[in-house]
Protein chains: 2
Amino acid sequence: MFTLSEENYLKAIYHLQTISRKGISTNSIAKKLKTKASSVTDMIKKLADKKVLVYKKYQGVTLTDLGNQIATGVIRKHRLWEVFLVDKLNFSWDEVHDVAEQLEHIKSPKLINELDAFLGFPKTDPHGDPIPDKDGEFQKIEKRLLSTIEPSQLGVCIGVKDSSSEFLKYLDKYQISLGQQIKVISKEPFDDSLTILIHDKEITISQKIANNIYIQS
Amino acid sequence: MFTLSEENYLKAIYHLQTISRKGISTNSIAKKLKTKASSVTDMIKKLADKKVLVYKKYQGVTLTDLGNQIATGVIRKHRLWEVFLVDKLNFSWDEVHDVAEQLEHIKSPKLINELDAFLGFPKTDPHGDPIPDKDGEFQKIEKRLLSTIEPSQLGVCIGVKDSSSEFLKYLDKYQISLGQQIKVISKEPFDDSLTILIHDKEITISQKIANNIYIQS
DNA sequence: TTAATTTTTTAGATAAGACTAAAAATATTT
DNA sequence: AAATATTTTTAGTCTTATCTAAAAAATTAA
Ligand SMILES: [Mn+2]
Ligand SMILES: [Mn+2]
Ligand SMILES: [Mn+2]
Ligand SMILES: [Mn+2]
């Protein structure tokens, strides 16, 4: 059995691995979890003892199959709870994360599988992220950042890279939501800002914004 | 803000107060929480500092208004989650308690109030216990133990005193459930066992069983 | 009203998880 | 290759929530 803290470490390492696929450094884990490197060293030793990751001093860590399994299990719970909050309890997509951070640690296989069924086996969460099934499997969604799309091309918003409340509220303000069609009108060479067509209206967004919106094209 | 452990102490003390209304002893808290008296002494000092209970050495403790408020808040969450599990996720009444023990500590006022609305503002949980409303108010349900009912009288099962899985499964076996009409046929003077009529069938139950079923008559 | 028993508190220890400061190893510059 | 900078680990401390053993207070019995 794994503690709340251990589960958070595993989830953080899992997410870091999807970006870099090298050994994950102590410092990067510390940064992600807003803790200190020395705390991370302590914890990864414990996790190595529990066979959920491989650790060699100064070499960073890699999750084992067991470690990946536990991490995806926690992510499955996090995302299913997010769907529940939005679909059933009138939460908006910028309100769900903190509550899901708590709910993801509830231990009950029956609970999570019944919740999955109750929600109709959703494939993605309110931010467009894929939900692992009971066996931890999920298909990778084909997506690119809006910032990589060339002028005159168009696509559909299917996800966000940043799911902070601030960013999501920005998107709400401009009515940018999942499933929304977006056409890139032009790109400003000086600052890479984009003028896009959405809801039949032209708006200009910074490159930082465009860098956090996923598009299927 | 209160920790999981502090919340569990407050809940335990609250429950003990509904039975005895005297100062609650260190030992009784220890027994209820399956911990040691010395641990209880440590914790109640901390809780007294936080103004949720009044503590004088060797005198036991009493919850303050704030303490009662926090305790009923946790109980509200526990019972609402139990309703959710039974009504929406196909749990049976003997499966919900352990999961609710975890869920009751999730912190989010919006979550619990939306859940309440989603469930249709239920007044009682799957074991017949009343659910406090947003302000901590709930009406006391008029009830007596089945063991106190005289032969030839009849009533409706509206709650259970023991909600352990073992006891609830026993009730399931004999199809004794909430809302069920029960008529007491006779009482055996030797061991106070009862012969009752339920579902048009006569069954005999021990005094221990009858002592854990609440009846409205 | 003493004496024995039970309850409660205190003292000291432990484990988890975090922190700071310093040492050791690795990586980057000159 | 040596010097410097960065990263990682170690050592020691702190807090929370436990525990055991012993001391103190309160209760019950003789
Ligand atoms: Mn989230
Ligand atoms: Mn999400
Ligand atoms: Mn319960
Ligand atoms: Mn209940």
Side-chain angles (χ1 to χ4, degrees), chain A residues 1-13 16-17 19-63 67 70-71 74 101-102 104-105 107, chain B residues 1-14 16-17 19-63 67 70-71 74 101-102 104-107:
Chain A
M1 203 51 79
F2 293 85
T3 67
L4 183 148
S5 205
E6 289 169 340
E7 287 186 343
N8 281 337
Y9 272 88
L10 290 172
K11 191 168 57 120
I13 296 164
L16 290 167
Q17 277 190 346
I19 308 167
S20 71
R21 79 272 232 76
K22 321 262 167 179
I24 303 304
S25 74
T26 303
N27 254 0
S28 64
I29 299 169
K31 194 172 178 185
K32 179 137 223 180
L33 292 175
K34 298 186 205 305
T35 184
K36 301 293 148 132
S38 55
S39 307
V40 173
T41 304
D42 282 349
M43 181 58 95
I44 59 186
K45 281 174 177 172
K46 190 160 49 130
L47 291 173
D49 287 346
K50 290 196 172 189
K51 313 285 185 203
V52 287
L53 51 77
V54 177
Y55 164 61
K56 276 206 218 100
K57 268 191 193 175
Y58 297 100
Q59 302 296 127
V61 298
T62 315
L63 293 184
I70 289 157
V74 175
E101 284 293 310
Q102 298 178 62
E104 72 187 5
H105 301 291
K107 270 136 187 111
Chain B
M1 203 52 77
F2 293 85
T3 66
L4 183 147
S5 203
E6 289 169 342
E7 287 186 343
N8 282 336
Y9 272 88
L10 290 171
K11 192 167 55 119
I13 295 164
Y14 179 91
L16 290 167
Q17 277 190 346
I19 308 168
S20 69
R21 79 272 233 79
K22 319 263 166 179
I24 303 305
S25 73
T26 303
N27 254 2
S28 64
I29 300 169
K31 195 172 177 184
K32 179 139 224 178
L33 291 175
K34 296 187 207 306
T35 183
K36 300 292 147 131
S38 55
S39 306
V40 173
T41 303
D42 282 349
M43 181 57 96
I44 61 187
K45 282 175 178 170
K46 191 161 47 131
L47 291 173
D49 288 346
K50 290 196 171 187
K51 313 285 183 205
V52 287
L53 52 79
V54 178
Y55 164 61
K56 278 207 216 96
K57 269 190 193 176
Y58 297 101
Q59 303 295 127
V61 298
T62 316
L63 293 184
I70 290 156
V74 176
E101 283 294 311
Q102 299 177 62
E104 72 187 6
H105 301 290
I106 302 292
K107 270 136 187 114

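Scope of the values below: all heavy atoms of this structure, side chains included, with no hydrogens, waters or symmetry mates. Keep in mind it's a predicted model, so treat the numbers as computed, not measured. Numbered from 1 within each chain, the chains take letters A, B, ... in sequence-line order.
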In this structure, how many angstroms lie between the [atom2] atom of [N] and the [atom1] atom of [X], rounded?
X       : N      : atom1 : atom2 : result
B:Lys45 : D:dT18 : NZ    : P     : 15 Å
A:Ile44 : C:dA18 : CD1   : P     : 13 Å
A:Leu4  : C:dA18 : CG    : C1'   : 14 Å
A:Met1  : C:dA15 : CE    : P     : 21 Å

Please confirm whether the shortest side-chain N or O distance from [X] to OP1 or OP2 of [N] is below 4.0 Å.
X       : N      : value
B:Tyr9  : D:dT18 : yes
B:Ser39 : D:dT18 : no
A:Lys36 : C:dA21 : no

Exercise. Out of A:Val61, A:Ile13, A:Leu10, which one pairs with A:Val52 under the side-chain contact (heavy atoms from CB on, under 4.5 Å) rule?
Worked result: A:Leu10
For this session: Taking side-chain contact (heavy atoms from CB on, under 4.5 Å) as the test, write out the residues that go with A:Gln102, two or more places apart.
Result: B:Ile106, B:Lys107
Can you tabulate the close N/O pairs, meaning under 3.5 Å, that link protein atoms to atoms of nucleotides 24-26 of chain D?
| from | atom 1 | to | atom 2 | distance (Å) |
| --- | --- | --- | --- | --- |
| D:dA25 | O4' | B:Tyr58 | OH | 3.3 |

Just the table, please: protein N/O against nucleotides 12-14 of chain C N/O, every pair under 3.5 Å.
none

Problem set entry | Inter-residue atom distance B:Phe2.CZ - B:Ile70.CD1, 0.5 Å rounding | 3.5 Å
Exercise. Which part of the nucleic acid, if any, lies within reach of A:Ser38 when heavy atoms closer than 4.0 Å are counted: base, sugar-phosphate only, or nothing?
Worked result: base
Seminar exercise, completed: Residue pairs meeting side-chain hydrogen bond (donor to acceptor under 3.5 Å, both in side chains), one or both in residues 47-63 of chain B, sequence neighbours left out, come to B:Glu6-B:Lys50
I'd like a table of donor-acceptor pairs (distance under 3.5 Å, sequence neighbours excluded) in which one partner is a side-chain atom from residues 26-36 of chain B, with atom names and distances.
| from | atom 1 | to | atom 2 | distance (Å) |
| --- | --- | --- | --- | --- |
| B:Ser28 | OG | B:Ser25 | N | 3.4 |
| B:Ser28 | OG | B:Ser25 | O | 2.8 |
| B:Ser28 | OG | B:Ser25 | OG | 3.1 |

For this session: Applying side-chain hydrogen bond (donor to acceptor under 3.5 Å, both in side chains), name anything that partners B:Gln17, two or more places apart in sequence or on another chain.
Result: none
Exercise. Near DNA chain C, under 4.0 Å by heavy atom, which residues of residues 22-35 of chain B?
Worked result: B:Ser25, B:Thr26, B:Asn27
